Protein chains: 2
Amino acid sequence: MSLDHILLGMLRRPASGYDLKQEFEQGVRHFWSAELSQIYPTLTRLERQGLLKSSREPSAQGPERRVYRRTDKGRKELLQWLRGGPVMGKQRFAYVAQLAFLHEAGDLQATREFMERLREELRAYLDFLEVTEKDALAANPRPESWPEAEFHEYLCLRMGVTSIRARIVWCEECLTRIRARQRKVKKREAAK
Amino acid sequence: MSLDHILLGMLRRPASGYDLKQEFEQGVRHFWSAELSQIYPTLTRLERQGLLKSSREPSAQGPERRVYRRTDKGRKELLQWLRGGPVMGKQRFAYVAQLAFLHEAGDLQATREFMERLREELRAYLDFLEVTEKDALAANPRPESWPEAEFHEYLCLRMGVTSIRARIVWCEECLTRIRARQRKVKKREAAK
DNA sequence: ATGACCATGTAATCCGTTACATGATTCG
DNA sequence: CGAATCATGTAACGGATTACATGGTCAT
């Protein structure tokens, strides 16, 4: 399972299940996410397997927390996962499937509106990523000189920016082709 | 569930479970896939729900097949899914998570080799997509004039090409940054 | 006191994969 | 006759989501 390794990786510093969830909500979510109801049982299982150990600690605000730390065995397991090279999981894009089927949903105008809507959704997400990047660069604009961990995180953020931007370009390419096709249809109608 | 709608969409023409699996293996797989052991029960459930109906038909070669057709109710269900606008499913990229954690796996050279390997894997997939696109364009190089269904399929293929290409560009950007950082580290060592 | 947030968990269900099981047809 | 391909399914398991359940602390 991947979540095991993701959590092991995130536990570079001690954290509770709640903390880890927060992290998913913030940065890490560009590439992974999980619900608390999956995180808690996974953490207890990893502890049972000796990859983590936990201790109860008072919270600054709120009830007591259970804070997890990696064991040596846990760190080794993580390193082995990383040594295995890139894990290429299957990708599923429901909206691309929808696009493939849209030729049955009416005329080209439906497809056009679909792509316009998709572009706006992607744009909103890109805006968020770009603000994140700008904030990160504000303190020091040369990531090459940042600490190792932050440098690596920045490369991950770049993946988000690059890939969403490419998808927006794709939307625009599609819209151009759709408009060309719409003109062609109109012309044919006029010729009648 | 999305697979329900994907199958409904793929059943524009009558097909058996086996046929649908073949289709996943070929074109549709750029955005979705499923195992036979998931397809068969799903089809029987969709029939129970009145979205499909099936009939046994002799095969040109091999044993009898169970061929499914959409019912009116099935077509309506599909259209409703499409009318709901783009479905933005969660994306999970294990390899981006790995990259984020790689700063613990030794020196920068490990990250560099990871990215080189990733780039080669993406390149191989891009090659496949580009061959597919070339074949499609061979007969008629202007998709704007293709039949509706093929035009839509082509837009989907473009999504694959565009987004994989962008990821390769990202890999190269990362490698450039990594090399810059490696030079910086060397210089620091030399200064000692 | 009540609502927002901190904090941890369980239960039911669903989605998806891997493994298992069976048998017909066709080609060499 | 044996291997490849066509064809359909079931069973067991694991991964992930949704819903349920509980209770502490803090600010207004």
Side-chain angles (χ1 to χ4, degrees), chain A residues 1-8 11 14-26 28-29 31-49 52-68 81 87-94 97, chain B residues 1-8 11 14-26 28-29 31-49 52-68 81 87-94 97:
Chain A
M1 209 227 293
S2 273
L3 182 62
D4 292 28
H5 296 112
I6 304 280
L7 293 179
L8 283 172
L11 280 169
S16 68
Y18 195 86
D19 293 338
L20 293 164
K21 173 64 179 167
Q22 304 292 98
E23 238 190 280
F24 278 128
E25 301 296 297
Q26 289 155 25
V28 189
R29 78 160 145 172
F31 51 80
W32 211 271
S33 76
E35 298 305 316
L36 279 170
S37 57
Q38 197 192 357
I39 294 170
Y40 284 125
T42 303
L43 290 172
T44 56
R45 199 191 66 242
L46 291 174
E47 180 164 28
R48 250 198 346 263
Q49 293 171 346
L52 297 178
K53 60 178 163 49
S54 74
S55 58
R56 304 212 117 243
E57 289 179 20
S59 165
Q61 37 187 13
E64 250 196 343
R65 303 143 40 78
R66 179 170 294 280
V67 173
Y68 289 88
W81 183 58
V87 172
M88 313 292 283
K90 281 185 195 166
Q91 307 270 331
R92 276 164 184 184
F93 295 94
Chain B
M1 207 226 292
S2 273
L3 182 62
D4 293 28
H5 296 114
I6 304 279
L7 293 180
L8 283 172
L11 281 169
S16 69
Y18 194 85
D19 293 338
L20 293 164
K21 173 63 178 168
Q22 304 293 97
E23 239 191 280
F24 277 128
E25 300 297 296
Q26 289 154 26
V28 189
R29 78 162 144 170
F31 50 81
W32 211 271
S33 76
E35 298 305 316
L36 278 171
S37 58
Q38 196 192 359
I39 294 171
Y40 285 124
T42 303
L43 289 172
T44 57
R45 200 192 65 240
L46 291 174
E47 180 164 27
R48 250 196 350 260
Q49 293 171 346
L52 297 178
K53 62 180 162 44
S54 73
S55 58
R56 305 213 115 243
E57 289 179 21
S59 166
Q61 37 186 13
E64 250 196 343
R65 303 144 41 78
R66 179 170 293 280
V67 173
Y68 288 88
W81 183 58
V87 172
M88 313 291 284
K90 283 185 195 168
Q91 308 269 332
R92 275 163 186 186
F93 296 95

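The shown structure was predicted, so the numbers you read here are calculated from the model rather than taken from an experiment. In what follows, every chain begins at residue 1, and chains take the letters A, B, ... in the order their sequences are listed.
Scanning atom types as modelled, one donor and one acceptor separated by under 3.5 angstrom connect the side chain of B:Ser37 and the base of C:dT18.
Between A:Leu43 atom CG and C:dA7 atom C1' the separation is 13 Å, expressed in whole Å. We find that CD of A:Glu35 is positioned 17 Å from P of C:dT10, with the value rounded to whole Å. Atom C1' of nucleotide D:dG15 and atom CH2 of A:Trp32 are separated by 10 Å, given to the nearest angstrom. Between B:Leu36 atom CG and C:dT22 atom P the separation is 18 Å, expressed in whole Å. We find that CG of A:Leu46 is positioned 11 Å from P of D:dG15, with the value rounded to whole Å. Atom CZ in B:Arg45 sits roughly 10 Å away from atom P in C:dG16 (whole-Å rounding). Between the OH atom of A:Tyr18 and the P atom of C:dT8 there is a distance of 9 Å, rounded to whole Å. Taking atom CG of residue A:Leu3 and atom P of nucleotide C:dG16, one finds them 18 Å apart after rounding to whole Å.
At least one donor-acceptor pair under 3.5 Å links the side chain of A:Arg92 to the backbone N or O of B:Ser33.
Checking A:Gln61 against B:Val67, the closest nucleotide of DNA chain D that is more toward the 5' end is the one next to B:Val67.
To the nearest 0.5 Å, atoms CG (B:Leu46) and CG (B:Leu11) are separated by 8.5 Å. Atom CD of B:Gln38 is separated from atom CG of B:Leu7 by 8.5 Å, given to the nearest 0.5 angstrom.
Nearest to the side chain of B:Pro41, among D:dT10, C:dA7, D:dT8, sits D:dT10. With D:dT18, C:dT8, D:dA7 as the choices, the nucleotide that has an atom nearest any side-chain atom of B:Tyr40 turns out to be D:dA7. When each of D:dA7, C:dG9, C:dC6 is scored by its nearest atom to the side-chain atoms of A:Arg66, the top-ranked nucleotide is C:dG9. The side chain of B:Gln38 lies closest to C:dT17, out of D:dT18, D:dG15, C:dT17. Across D:dG24, D:dT17, D:dA7, the shortest atom-to-atom separation from the side chain of B:Ser59 is found for D:dA7.
Within 4.0 Å of B:Arg92, counting heavy atoms only, lie sugar-phosphate atoms of the nucleic acid but no base atom. A:Lys90 comes within contact range of the sugar-phosphate backbone alone, with a heavy-atom separation under 4.0 Å but no base atom that close.
A:Tyr18 is not listed as a side-chain neighbour of A:Ile39, based on a closest heavy-atom distance of 4.5 Å or more.
Side-chain atoms of A:Arg65 and A:Ser59 include no donor-acceptor pair closer than 3.5 Å.
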